[in-house]
Amino acid sequence: MFLLKSLGTALWGSSGDAALLQLEGGSLHRITRRVSATRTDEATQMLFANAALTIRRTDVQYNCQLVSTRIFEEGEDEGGSLGSGADDDDDEFAFLIDEAILFIMPSEASFHWTDPIASTPACSVSYEYIIDTDVTRPAMINTFESMVYACMFERRNRRSHEQVSDKEMEAYVRFIQASAEASIESAAKKNAAAGASKPNTAAKKKNAALLAAEDDGISVPGGLVTSVSTPDGKTKSVSSGKAPVREPTTPTAKSSIFAGEQKGKSRLGSAKNEDDALKTPRQFPEPMSMGTTPLPINAPASVPETSETLVQVPGDLFVYDSRFSQFSMIRENIVVQCVRTSRFEYLLVLTDATGPFMSQPLTSDMNGQFNAHDCCFVWLWRQEGQDDVYPWCVKFRGGAPDESAFRNAYGACMYEALNRSEFQKLKEEDRGFLVNAYQEDVEMQDAEESEDDSEDEKSDYSDSEEEENVRQGDTDMGNAPGDKNAKITSLTVGHKDRSYFVRGSAIGVLGHPDQDSLEYSTVINNVQSLTDKKSFTPSRVLLHDQDQSMLLMRPNENHIVYKMDLNVGKVVEEWKIDDVTPVTEIIPEAKNSSMTPSRTLVGINNNSIFRIDPRLADKLVRSESKSYVSNVGKFQCATTTGSGKLAVGSSKGDIRLYGDNLSMRAKTHLPGLGDPILGIDTTESGKWVIATCKNYLLLVGTEANDAAKGAAFSGFNKSLGAQKPVPKRLQLRPEHVAWMGGSVAFTPAKFNTSLGGDGFEETSIVTSTGPFVITWNFKKAKIGKLNDYTIKQYRSDVVADNFKFGEDRNIIVALPENVHMISKSTLQTPAKMLKSRSSIVNSPY
């Protein structure tokens, strides 16, 4: 039966081939079985009347997908409706080839498998591919079946099937087939409404496969000692591998992110409960594993004896299982602690009956997140010295009170670890401001939030879907002009029909021939100063004077601002700021003042803010400048509102809001979590601020209600004091970060500037990390729904991105070698990306 090895590369192809084997004649059907207390309903739906079935290699070693793709007939519209019951945007269905899909061949001309992600206890979803035997020969069908099992073997064992004997491979296949049949038959018996029970023939076949393998001295999957029935009615213990394995199970309902929550036992690891462990103490923590791969948390954690426990809360430990897109319980009755090891040094520690079994320093890279609804804490853990990243979760047994107690202590410890200062020295109002920032789903109040938002979203989505039927939505213009020995380093989106990028000492000009496209218009080569005639790569770029001029700054030169006339493409003026006041950043005097003939601008340096007027001799408006002598942290970035109010972000993570006169102290000071602010933007009205940190975006409202006057007031005009709105961290879920490679480094986030009936109306936020462009739904984020984000991946890291001015439909994306314009509708939700053809997480389990 198993002849794949002898076929070699003729079947497996070269390492660069994505498709390993394909059947081109058949139809795809979806089978949905719904179960209630009294009845079972089954519906079969044809998805594709003519479909191909492919085994496709992924970017992750030893991981392949089973992919069914619709084949279009001649003259059939590929962009139109399918007319077969499938979703309009689903011309392909992809499934990770794993034992959990319960792949079987129920007849000589069909394959059947389960979708473990879409299935729930009340509704199972499976697929059947019916083969056209007039097109496909039986030998090819058998070869296809064998290759699916070979892919399963390689995913489980992380090695090629060619490294084992035919006998061992055939034993593995028999066991997997018997296991799948037993699981399907068991589910069918449970779903039956009534009737006499039938002999469990599949279970007998599974027992026979186990016994045969044991007699042959072959280890088959399972990982635990299993009792099976022998033909004479006796029982026999059969060892089935080295590592504990979870049998494939149907996921729980999608309303919960957890699986395996059962009193007294765990779905993963040992079946012993904690009481048994206390009776028989073990020297080391019980080994934990996912599938056949042991998890690395299998040795006692190192916690100094002199450490001080600040908070400890009981809970259950879960790990994210990418095979089922959910968290699965791996250990019950653990205790999670925040421990101080020395001044401003803290550890997150997990303990069980044997003592600490896991610890890690508290840092921002943990991507810690609290969920009040599920009363849990989710974070990332990276194995020391390796690239593997694990999303872990502790669900607090005491519910909301335990979640609140642990969150308060965690927030205080994180503040001290990042700021190297004492949390208790903060004002009480600021302590609450900081601690509440870690909660995932506390809704924010916005007096102007419309009840019609959901209708707006539906309308926006319909428009984008219509657009996708007539255009591809991603403009790739090839390599950008400019210095070919340099990379693109910045992007500036204009207010008219031009945008610009910097590549070495050249500035590329992008044209917008129509609403949905982009083109390279021209390039300004050899940018150089007036005085020394030396070329330079601009480090700061700012459009000015109705987009007719561009202000530039030169690296390592912080006392001169260069003015380029874009009509002639040359630097025409040099503005020398005094020798005492350096300039590290320049911004327009108001958010969109470059659309006007405005002449002044705002500058900042490490500890000063000031207005610059090029019409003055020394350019600095001294009556509108302020310097700080105390340790306020370095001012790193700034932005202005539509009316010219100023917001400044510092290296300590705090934000200062200034009124009209820059010589006055900040009206409102928002304390920082401790991570440097890398970029900052405001809405046109100034009601919202988005600050970019390395691992998260901080969304803060700037208005509060004046109880005495019964009206709202702005933190730019008056101190918010104890009425500071709760800030919200926009961050990627830990399981998505793990899928994206385990680390995040956001580029400065921007609001879009859509022009509405009442002026500017912001609806979206855009940023990027590595090769991923990410947008958040601002309408939902400002009321506390923080996980509404979409993603698009490129082959190289994104340098910068921003919405095209005046809309939120198109995003301009600068890569190191070229520039794209993409439709926002081409971005996908993380859930959809996880099921796409090349998006399988490089999972360690």
Side-chain angles (χ1 to χ4, degrees), residues 304 307-311 336-349 359-370 377-382 384 389 392 405-440 606-607 628 630-637 648-656 669-680 689-700 724 726-732 734 737 742-746 748-749 767 769:
S307 61
E308 176 188 2
T309 300
L310 303 179
V311 64
V336 57
Q337 303 171 324
C338 283
V339 172
R340 180 192 288 128
T341 57
S342 62
R343 193 180 188 206
F344 306 141
E345 300 290 341
Y346 298 91
L347 292 177
L348 178 74
V349 179
S359 68
Q360 72 181 107
L362 293 188
T363 67
S364 296
D365 290 335
M366 293 171 61
N367 271 68
Q369 207 172 67
F370 289 84
F377 171 60
V378 186
W379 77 100
L380 286 175
W381 185 86
R382 187 187 300 274
E384 186 175 355
V389 177
W392 292 90
F406 190 81
R407 173 164 46 84
N408 290 341
Y410 176 86
C413 294
M414 283 293 293
Y415 175 85
E416 293 197 356
L418 296 174
N419 287 278
R420 319 303 288 180
S421 61
E422 294 182 13
F423 183 75
Q424 290 301 321
K425 289 185 178 180
L426 292 171
K427 297 178 183 178
E428 183 177 355
E429 62 200 46
D430 289 343
R431 294 200 296 267
F433 176 88
L434 295 171
V435 167
N436 289 329
Y438 287 97
Q439 190 157 316
E440 177 184 323
N606 288 349
N607 64 343
Y628 291 82
S630 61
N631 183 21
V632 296
K634 294 181 180 180
F635 290 167
Q636 298 204 144
C637 52
V648 179
S650 82
S651 60
K652 286 189 172 183
D654 49 6
I655 300 170
R656 287 174 171 80
H669 172 237
L670 303 173
L673 301 181
D675 298 290
I677 305 286
L678 307 176
I680 192 168
V689 172
I690 187 77
T692 304
C693 298
K694 177 180 178 291
N695 295 287
Y696 58 89
L697 312 179
L698 199 63
L699 181 65
V700 187
K724 296 181 180 73
V726 175
K728 298 309 295 180
R729 290 162 54 110
L730 301 184
Q731 62 186 97
L732 304 175
V737 176
S743 63
V744 174
F746 283 128
T767 183
T769 174

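Positions are given from 1 along the sequence.
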**Message:** For Arg340, is there an ion pair with Glu345 - N to carboxylate O distance below 4.0 angstrom?
**Reply:**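 No, no charged N to carboxylate O under 4.0 Å.
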
**Item:** Check ion pair Asp675-Lys652 (N to O, under 4.0 angstrom)
**Value:**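 Answer for the salt bridge query: no.
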
Heavy-atom side-chain proximity of [X] to [Y] below 4.5 angstrom:
{"X": "Leu678", "Y": "Cys637", "answer": "no"}
{"X": "Leu418", "Y": "Ser364", "answer": "yes"}
{"X": "Val700", "Y": "Lys724", "answer": "no"}
{"X": "Ile680", "Y": "Thr692", "answer": "no"}
{"X": "Met366", "Y": "Tyr410", "answer": "yes"}
{"X": "Val389", "Y": "Val737", "answer": "no"}
{"X": "Arg343", "Y": "Glu422", "answer": "yes"}
{"X": "Pro361", "Y": "Tyr346", "answer": "no"}

Heavy-atom pair of closest approach, residues [X] and [Y]:
{"X": "Val311", "Y": "Ala405", "answer": "CG2-O, 4.2 Å"}
{"X": "Arg431", "Y": "Leu426", "answer": "NH1-O, 2.8 Å"}
{"X": "Trp379", "Y": "Gln360", "answer": "NE1-OE1, 2.6 Å"}
{"X": "Arg729", "Y": "Ala437", "answer": "CD-O, 3.0 Å"}
{"X": "Phe635", "Y": "Arg656", "answer": "CE2-NH1, 4.0 Å"}
{"X": "Val378", "Y": "Pro734", "answer": "CG1-CG, 3.6 Å"}

What's the spacing between [X] [atom1] and [Y] [atom2] if we round to 0.5 Å?
{"X": "Gln337", "Y": "Thr309", "atom1": "CD", "atom2": "OG1", "value": "4.5 Å"}
{"X": "Phe344", "Y": "Leu362", "atom1": "CZ", "atom2": "CG", "value": "14.0 Å"}
{"X": "Asn408", "Y": "Leu310", "atom1": "CG", "atom2": "CG", "value": "13.0 Å"}
{"X": "Ile677", "Y": "Leu698", "atom1": "CD1", "atom2": "CG", "value": "6.5 Å"}
{"X": "Ile690", "Y": "Lys728", "atom1": "CD1", "atom2": "NZ", "value": "12.5 Å"}
{"X": "Cys693", "Y": "Gln731", "atom1": "SG", "atom2": "CD", "value": "11.0 Å"}

**Message:** Can you classify the ring geometry of Phe406 versus Phe377 as parallel (below 30°), tilted (30 to 60°) or perpendicular (above 60°)?
**Reply:**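 The rings of Phe406 and Phe377 sit tilted, inter-plane angle from 30° to 60°.
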
**Donor + acceptor pair across side chains of Gln369, Tyr438 (<3.5 Å)** =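 Looking only at side-chain atoms, Tyr438 and Gln369 do not form any donor-acceptor pair under 3.5 Å.
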
Between the side chain of [X] and the main-chain N/O of [Y], is any donor-acceptor distance below 3.5 Å?
{"X": "Lys694", "Y": "Val744", "answer": "yes"}
{"X": "Asn419", "Y": "Leu673", "answer": "yes"}
{"X": "Asn607", "Y": "Tyr628", "answer": "yes"}
{"X": "Thr341", "Y": "Ser307", "answer": "no"}
{"X": "Glu416", "Y": "Phe423", "answer": "yes"}

**Prompt:** Can we call the ring centroids of Tyr696 and Phe746 under 6.0 Å apart?
**Reply:**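 No - the distance between ring centres of Tyr696 and Phe746 does not fall below the 6.0 Å cut-off.
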
**Request:** For the pair Val336 and Leu348, evaluate side-chain contact (heavy atoms from CB on, under 4.5 Å) and give the outcome as yes or no after the intermediate values.
**Result:** CA-CA 7 Å; Val336 57; Leu348 178 74; 3.7 Å; yes

**Check against side-chain contact (heavy atoms from CB on, under 4.5 Å), Asn695 and Asp365** = CA-CA 7 Å; Asn695 295 287; Asp365 290 335; 3.3 Å; yes

